[in-house]
Structures are given as C-alpha cells and as structure tokens.
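To find a chain, count down the sequence lines: A is the first, B the second, and so on, and within it residues start at 1.
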2 protein chains.
Amino acid sequence: MERQRRIPEATVARLPVYLRTLLDVQADGVTTISSERLAELAGVNAAKVRKDLSYLGSFGTRGVGYDVDHLLVQMSRELGLTRDWPVAIVGVGNLGAALANYGGFGDRGFPVAALIDADPTKVGTIFGGHTIRHLDDLPALVDELGIAIGIIATPAVGAQEVADRLVAAGVKSILNFAPAVVTVPEQATLRKVDLALELQVLSFYGQRDSIGLALREELGVAAAAKNSGA
Amino acid sequence: MERQRRIPEATVARLPVYLRTLLDVQADGVTTISSERLAELAGVNAAKVRKDLSYLGSFGTRGVGYDVDHLLVQMSRELGLTRDWPVAIVGVGNLGAALANYGGFGDRGFPVAALIDADPTKVGTIFGGHTIRHLDDLPALVDELGIAIGIIATPAVGAQEVADRLVAAGVKSILNFAPAVVTVPEQATLRKVDLALELQVLSFYGQRDSIGLALREELGVAAAAKNSGA
DNA sequence: CCGACCTTGTTCTCTTGTTCACAAAGTGCC
DNA sequence: GGCACTTTGTGAACAAGAGAACAAGGTCGG
C-alpha cells in the first residue's frame, strides 16, 4: 500500500508546528485529538490539518480523531527527528555567539558540534565549551563530527563563500542568517532567516495602517481632502 | 493615473531583497540596472522582478532598465522606510539580549527604543544602554517613545500574553521569536522567526537525501533491492 | 530620420496551495 | 445489532503565485 510520498513544501513547513502543538498537549496528558482542535491550537484551518496529516498516511480514526502518541512517532520519523543532526555554526560574532549560547538547539536533536570562524584571533579560543576552529578545517570537521547542518552567521560579505565551502565539504543543509542573497546547488537545501526583511515587511503593513483607514478603502483623493481639510 | 494599489504578499516579501541588492550595486556606482541583472543578483526570475516592480508603478525605461536611485526612493517609500520604526524588545533573556546587542537594527530605521521584561530582578537594570522596563509599563512606553514594532523574545509560555498586551497598547506590528503559536487580531500584523521550525524543515529534506537518490525517484521496492544487493 | 536592437510591462498558461463539502468509516448508546 | 452521532480522508472548486512569451515603447548608431 505504497503511499504517494510527495509531501508539498507548504505542508513540510507546517509539520513542525503540529509537532510542537502535539508535544504540548501530550504533556497535558491528552491522548487523542481531533483535526478541529489541533487546527485551533496550531492556528490553521481544520481541513488543512487533515490534508497535511493525510500525507503522512491516514493515522486518524474516524469518529474519534488522532492518537497523539502515534502521530508524534510518525511525524518525527517523517521529519527525520529520530536521529541527531550535528550543527556547525560558522561565524562567531554577535549573532553566532548568541546562537551558540542559545539552548534551543541541543534540546531536540540539533546539537551544536562545532564553532567555526575565519578570524585567526578567534580561532583556538574557547567559547561555550567549544574550541573555535578555522574555516579551512571544515572538511575535516564534517568527517570527524558528522556535521549535517551549517548555520551561516557571518557578515553578508562572506556568506556566499561559506555556503560554497559548506556544500563542498558535503554539508547539504544550510541555514543562512546573513543579510545576503545566497544560492546553493540543487542538491543542497537552503533556508534563510532574515531579520531586516521581516522588519521591513512589518514596516510595509504598518505604514498601510498609519496612512489611515480611508486610503485602504481606495478612496485616494477623498482621503487626501479629508486629511488636509480637517 | 491611480495605480492598482494591491501589492501581493509574496511581492512584499521580495521587495526588501531587491532593496538590499540595489543598495549594494548603488555602492558600486551602478546607476542603471536591468531586470535580468537584478534578478540574477537577487536570486529570482527576471519576469518576477519586472512584475514585482510594476506594482510600484512602471519606473523602468524600455530598452534601458531601471534607474537605481529612483527605484530605491520609490521602494523605500513604498516599504515605509522614510520614517523610523522604534522597536521594543520584550524578554531580555539569551535571545532578547543578543537581539538588543545586534547592530543590524538601528542601521536602517529600526532603533531599539525599549527593553522590556516581566522579571522583577531584571527590571531597572541597565543593558546595552537601556534601562529594562517592566511589562506593565508597556502602554506608557508606547506613548512616550512611539513604539511601532514589538519583538517577542520570551519563552514560549509567555508569548501569547505579550502579544495581547502589545496589541492592547497599540502596537500593530509584531515579530515573534518565541517557539509558540501566537495569534493576533486582524488589525495587527504578525511575522515569526522560528529557528526550530527551520532546522526541522532542513532535517526533513536532509533525510530525503540520505535515504538515497534511488528512493527519491519513487522506485520504492527497486531501491531497497538495489541497496541490500549492492 | 530610419532601422536594428534592447528591455520593459503585461497577458496567458500552468502549477501550487487553500478551502469547501461530503461520502466513508468508526464509536457508543440503547 | 442497529441507529444517531462524530470525525476523517479526499474530490473538486477556487485563489494565489510563478514563469513563458510577446507586444509596446524607447535607445542609439549611422
């Protein structure tokens, strides 16, 4: 009974949200949950939840709902969370240091295995229990420590080179925090976290609001008259 | 000549990328740029660039390209970057502290105006030039400092309450770093930065790779045979 | 002043993602 | 065991976004 193993990208991005939600309710002793309830807690539409979960393979029971434990097992397996994914943080500046200290990593299968920098004055120093290694050591580190994910926390200017080196060393999953456009070959996966972008998007929608409600109602001229006339 | 002022969400999210790219080329002395070149630098499709820019109002010149300076002005205006958007960081723990120290904020119109925490032992202490204020002072701070954007950097458990309080105090733009589902009323805008989610998505695609190329070609059984037989 | 060339702006088509609506399937009361 | 009730899984309609293709419009050399 081979399932259609094609999980849409949008669904993949929601699975972690369901996972987190399920862990929460599991901690509260809940053993069964309906798509309706899960949707409410995850902040999405119930139909979407059902369709998303159906990609994992019909684990619900009609008339009852989903077994929380079972769903968690299946979801963890699908997301690849049954193993550890050692992470290397490249760039131990402000951001990199914060990430290294941030507990949230090791918690659930993403141990920080290496800190890497290109600055000779930083290399060799110890930070958060790790000796900072040089970028040139990357291939060796990947072999030794099984680095599976690279986090780019360098300034924008070095980001693409770091990405290239990570890929060359065999790291196929990259998370980019640098405010720069980075591209990777198709065989690799790149995700980005872009603070400036998020703030600017907020700025855009915030401005829309502060211009005044009238303008949003596309009464351009009327709104201007009202404002200057008041 | 009133333009259709309806900019798609996906476009809004790309404008900051174009903006950054344009600033880069402007610094190199480039005065004119084609959609082709801009697309290459921004890592997107040229047709998409043209369509996105057309929402701003046809500022290109056929046969030539776009005037970099002019485009930057229009884009900044559209994104609301002609004014400052004072930011309040709520939650001065590991992450909040890192964000407060991170220079990238004040740079371009998003000055950190206040640090806020609910922990009485932190309130009153000075961090990075700011006296940490109590969450209860939020309404006053919004009035005094014109806080326009709230950044949630608390543990998951407090996130929703902080969001509610921000909205109640009149802050309509929120950026959530807490690993929790947070919802806001329609009048407000919420964006999220979710580290765990990004890592888990990488894990998903990483696992797909390590299972073996053959499996990806949906030859389920054949792939298993090949692997065990080799 | 004309024609070859270039690049934008936009239309059309295709793909992806969302939502509705309902049949299928299971539960539990009586 | 049957019936009313609940909830899933999915087909189909709908919306949003991506990309190809091309006409319109403008430049520049001669």
Side-chain angles (χ1 to χ4, degrees), chain A residues 1-18 21-22 25 30-68 70-71 74-75 78 183 186 201 204-205, chain B residues 1-18 21-22 25 30-68 70-71 74-75 78 183 186 201 204-205:
Chain A
M1 229 61 66
E2 195 62 27
R3 280 256 133 219
Q4 48 171 27
R5 281 266 167 240
R6 191 53 181 225
I7 303 189
E9 216 175 306
T11 295
V12 173
R14 277 190 296 268
L15 291 182
V17 178
Y18 301 144
T21 305
L22 288 169
V25 301
V30 174
T31 59
T32 300
I33 193 167
S34 69
S35 62
E36 197 80 41
R37 178 79 180 125
L38 180 52
E40 186 191 333
L41 294 173
V44 301
N45 178 295
K48 210 188 284 185
V49 169
R50 289 200 294 277
K51 188 161 278 190
D52 285 344
L53 295 186
S54 80
Y55 289 114
L56 303 181
S58 279
F59 295 124
T61 310
R62 297 175 189 221
V64 178
Y66 299 88
D67 181 82
V68 173
H70 189 210
L71 206 48
Q74 295 300 333
M75 204 172 279
E78 196 67 43
T183 56
E186 206 184 346
V201 170
F204 173 85
Y205 289 110
Chain B
M1 230 61 66
E2 197 60 29
R3 278 258 132 217
Q4 49 171 24
R5 280 267 167 238
R6 190 53 179 225
I7 303 189
E9 216 176 303
T11 296
V12 173
R14 277 189 297 269
L15 291 181
V17 178
Y18 301 144
T21 306
L22 288 169
V25 302
V30 174
T31 59
T32 299
I33 193 168
S34 70
S35 61
E36 197 79 42
R37 179 78 179 126
L38 180 51
E40 187 191 333
L41 294 173
V44 301
N45 178 293
K48 209 187 287 184
V49 169
R50 289 199 294 277
K51 191 175 285 188
D52 286 344
L53 295 187
S54 79
Y55 289 113
L56 304 182
S58 281
F59 295 123
T61 311
R62 297 177 188 218
V64 177
Y66 299 88
D67 180 82
V68 173
H70 189 211
L71 207 48
Q74 295 300 334
M75 204 171 280
E78 195 68 42
T183 56
E186 205 183 345
V201 170
F204 174 85
Y205 288 110

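- Nearest heavy-atom pair, B:I7 versus B:Y55, reported as atom, atom and distance to 0.1 Å: CG1-CB, 4.1 Å.
- Taking atom CD1 of residue B:I7 and atom P of nucleotide D:dG17, one finds them 12 Å apart after rounding to whole Å.
- Nearest heavy-atom pair across B:F59 and B:L71 is CB-CD1, 4.4 Å.
- Residue A:R14 places at least one side-chain N or O under 4.0 Å from the OP1 or OP2 atom of C:dT18.
- The minimum heavy-atom distance linking B:R50 with B:S35 is given by the pair NH1-OG, 2.9 Å.
- Atom OH of B:Y18 is separated from atom P of C:dT8 by 13 Å (rounded to the nearest Å).
- For the pair B:E9 CD and C:dT16 C1', the interatomic distance rounds to 15 Å; values are reported in whole Å.
- Looking at heavy atoms from C-beta onward, A:T11 lies out of side-chain contact with A:K51 at the 4.5 angstrom threshold.
- Annotation: proximity of residues 35-53 of chain B to DNA chain D (heavy atom, distance under 4.0 Å) is found for B:N45, B:A47, B:K48, B:R50, B:K51, numbered in ascending order.
- Here the side chain of B:S34 pairs a donor or acceptor atom with the backbone of B:R37 at under 3.5 angstrom.
- Nucleotide D:dT10 holds its P atom 12 Å from the CZ atom of A:F59, rounded to whole Å.
- B:M75 approaches B:L15 most closely through the heavy-atom pair SD-O, 3.7 Å.
- Rounding to the nearest 0.5 angstrom, the gap separating the OG1 atom in A:T21 from the CD1 atom in A:I33 is 7.5 Å.
- Going from atom OH of A:Y55 over to atom P of D:dG11 covers 11 Å, rounded to whole Å.
- Dashed line: the shortest gap from a side-chain N or O of A:Y66 to OP1 or OP2 of D:dG9 is under 4.0 Å.
- Taking each heavy atom of A:T32 and A:V68 in turn, the nearest pair found is N-CG2, 3.8 Å.
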Exercise. Quick one, give me the B/S/- string for nucleotides 23-30 of chain D, reading 5' to 3', where B means a protein heavy atom under 4.0 Å from the base and S means that only happens at the primed atoms, P, OP1 or OP2.
Key: -BBSS---
